[in-house]
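This report concerns only the one structure given below.
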2 protein chains.
Amino acid sequence: MAANSQFSIAVHILAMLAKSREGNVKSEYIAGSVNTNAVVIRRLLVQLNRAHLVISQTGSTGGTRLARSADEIDLEAIYKAVSCGEVFALHGKSPNQDCPIGKNIEAVLCNLQKEIDKTVGEKLSQYTLQNVIEMVDSGGSEFSLQRV
Amino acid sequence: MAANSQFSIAVHILAMLAKSREGNVKSEYIAGSVNTNAVVIRRLLVQLNRAHLVISQTGSTGGTRLARSADEIDLEAIYKAVSCGEVFALHGKSPNQDCPIGKNIEAVLCNLQKEIDKTVGEKLSQYTLQNVIEMVDSGGSEFSLQRV
DNA sequence: TTATTTGTAACTATGCTTGTTACAATATGG
DNA sequence: CCATATTGTAACAAGCATAGTTACAAATAA
């Protein structure tokens with residue numbers, strides 16, 4: 001289980017919150033739907049709080065709610081909030097700087113990486129949390145409802 | 001060093017091969033530029049062979065060469081050859097199927113995943129290995145030369 | 001036959017993600 | 001003020017993928 005599923009879980013969490021607009025939702029409750037430990041949920045909620053997508057409160061009536069409505073939250077914001085990193089990684093070790101290709105390939109790949117990340121962000125920004133909820137409600141069969 | 005840099009290394013390898021069109025290039029030589037072990041290179045070359053991007057030969061005059069010219073190899077083909085997987089992962093464990101959201105969220109995210117992967121593939125297909133080499137030759141400062 | 005290179009297996013080391021327990025900090029309500 | 005409940009967070013273990021390394025069989029050329 002080393003694959004990064006934080007974005008998927010984050011979308012799941014936010015969908016849960018969106019469906020419970022009245023009142024705070026507890027991490028334990030969300031964990032029951034995601035089928036994981038509540039701490040895993042709380043760790044993600046910290047990141048969603050920092051991104052101002054949700055508001056959490058401690059205390060006996062505490063919990064978490066959306067910071068704004070579901071159609072004002074797009075998937076790019078969620079993706080960036082949980083900082084899923086890049087589509088591909090650059091070299092682990094630096095290439096040989098004495099080789100003309102090794103010397104410059106990293107810069108080229110870094111620029112490409114930025115370009116791809118931008119493309120992913122633009123595509124994700126075409127969908128809102130509201131779109132996701134509509135898809136879930138209709139059985140999850142298609143993913144075509146895009147924001148106008 | 002757990003991040004997947006196989007696509008980056010694969011591009012590096014192919015750039016090396018493209019710059020040495022005459023004759024076979026040995027994995028040890030490529031490893032010297034990438035700054036890693038030759039077996040790491042050979043493992044990637046196996047995948048590039050399977051994708052028919054390169055041709056390898058054993059024996060004392062063996063090595064690897066491009067299967068076609070650099071402007072006939074686009075970055076999507078390289079990306080698919082090394083099967084870098086998906087931009088984000090789905091849930092590790094299955095969500096709670098008794099929850100209306102848990103029951104359908106996976107299908108929605110799976111469709112989204114396919115959509116994003118398609119977008120990445122389309123973007124990568126706009127660049128060829130030849131474009132990469134031109135970038136490297138010009139110092140790697142920009143990434144803007146796109147295939148017509 | 002000898003030398004050289006790829007292909008591949010096996011093993012280790014490293015690091016990330018997730019799961020889990022524990023507990024301080026915070027907030028509510030009696 | 002006290003009891004209760006929840007978040008925030010630290011600490012640690014488990015599982016898994018990537019990368020590095022050694023070793024050797026298979027293939028090929030001279």
Side-chain angles (χ1 to χ4, degrees), chain A residues 1-10 12-13 16-17 20 23-32 34-51 54-65 67 82-95, chain B residues 1-10 12-13 16-17 20 23-32 34-51 54-65 67 82-95:
Chain A
M1 248 170 269
N4 191 326
S5 60
Q6 290 179 30
F7 173 73
S8 289
I9 310 294
H12 190 152
I13 291 172
M16 295 288 291
L17 299 181
S20 316
N24 289 332
V25 182
K26 306 190 197 325
S27 61
E28 202 72 51
Y29 179 75
I30 302 172
V34 173
N35 190 23
T36 187
N37 192 289
V39 173
V40 173
I41 302 299
R42 290 207 288 271
R43 281 200 283 238
L44 282 165
L45 284 173
V46 167
Q47 300 183 263
L48 297 175
N49 264 286
R50 286 201 192 111
V54 304
I55 296 167
S56 292
Q57 288 175 334
T58 61
S60 51
T61 61
T64 305
R65 62 184 187 277
V82 298
S83 60
C84 284
E86 290 78 19
V87 173
F88 60 87
L90 302 181
H91 293 57
K93 295 181 190 170
S94 254
Chain B
M1 250 169 266
N4 191 328
S5 60
Q6 289 179 29
F7 172 72
S8 289
I9 310 292
H12 189 151
I13 291 172
M16 295 287 291
L17 299 181
S20 317
N24 289 330
V25 182
K26 306 189 197 326
S27 61
E28 202 72 51
Y29 179 75
I30 301 172
V34 174
N35 191 22
T36 185
N37 192 290
V39 174
V40 173
I41 302 300
R42 290 207 288 271
R43 281 200 283 239
L44 282 166
L45 284 174
V46 167
Q47 299 183 265
L48 298 175
N49 265 285
R50 285 200 193 112
V54 304
I55 296 169
S56 291
Q57 289 175 333
T58 60
S60 50
T61 61
T64 305
R65 62 184 186 275
V82 297
S83 61
C84 285
E86 289 79 18
V87 174
F88 60 87
L90 302 181
H91 293 55
K93 295 182 191 169
S94 253

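Evaluation of the side-chain contact (heavy atoms from CB on, under 4.5 Å) rule for A:Glu86 yields A:Gln113, A:Asp117 as partners, not counting sequence neighbours. Evaluation of the side-chain contact (heavy atoms from CB on, under 4.5 Å) rule for B:Thr58 yields no partner, not counting sequence neighbours. Every residue meeting the side-chain contact (heavy atoms from CB on, under 4.5 Å) condition with A:Gln57, not counting sequence neighbours, appears here in chain and number order: A:Asn24, A:Arg65. Under the side-chain contact (heavy atoms from CB on, under 4.5 Å) criterion, B:Asn37 pairs with B:Val39, B:Val40, not counting sequence neighbours.
Between the C1' atom of D:dA19 and the CD1 atom of B:Ile13 lies a distance of 13 Å, rounded to the nearest Å. The distance between atom CD1 of B:Ile41 and atom P of D:dT21, rounded to the nearest whole Å, is 12 Å. Atom pair A:Asn37:CG and C:dT21:C1' shows a separation of 9 Å (rounding to whole Å applied). Summarising the geometry, the separation between CG on B:Leu44 and P on D:dA19 is reported as 8 Å, rounded to the nearest angstrom. The CG-P distance, from B:Asn24 to D:dA30, rounds to 12 Å in whole Å. Rounded to whole Å, the distance from CD on A:Gln47 to P on C:dT18 is 10 Å. Following rounding to the nearest Å, A:Tyr29 (OH) and D:dT7 (P) show an atom-to-atom distance of 14 Å. One can place CG of B:Asn35 at 14 Å from P of D:dA19, the figure rounded to the nearest angstrom.
Looking at B:Ser8 and A:His91, their side chains come closer than 4.5 Å, going by heavy atoms from C-beta outward.
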Without placing hydrogens or testing angles, list every side-chain donor-acceptor pair under 3.5 Å for residues 41-50 of chain A, not counting sequence neighbours.
| unit_1 | atom_1 | unit_2 | atom_2 | d |
| --- | --- | --- | --- | --- |
| A:Arg42 | NH1 | A:Ser27 | OG | 3.1 |
| A:Asn49 | OD1 | A:Ser56 | N | 3.2 |
| A:Asn49 | ND2 | A:Leu45 | O | 2.9 |
| A:Asn49 | ND2 | A:Ser56 | OG | 2.8 |

**OP:** Using a 4.0 Å cut-off on protein heavy atoms (strictly under), produce a 5'-to-3' string for nucleotides 3-13 of chain C with B for base contact, S for backbone-only sugar-phosphate contact, and - for none.
**Re:** -BBBBBBB---
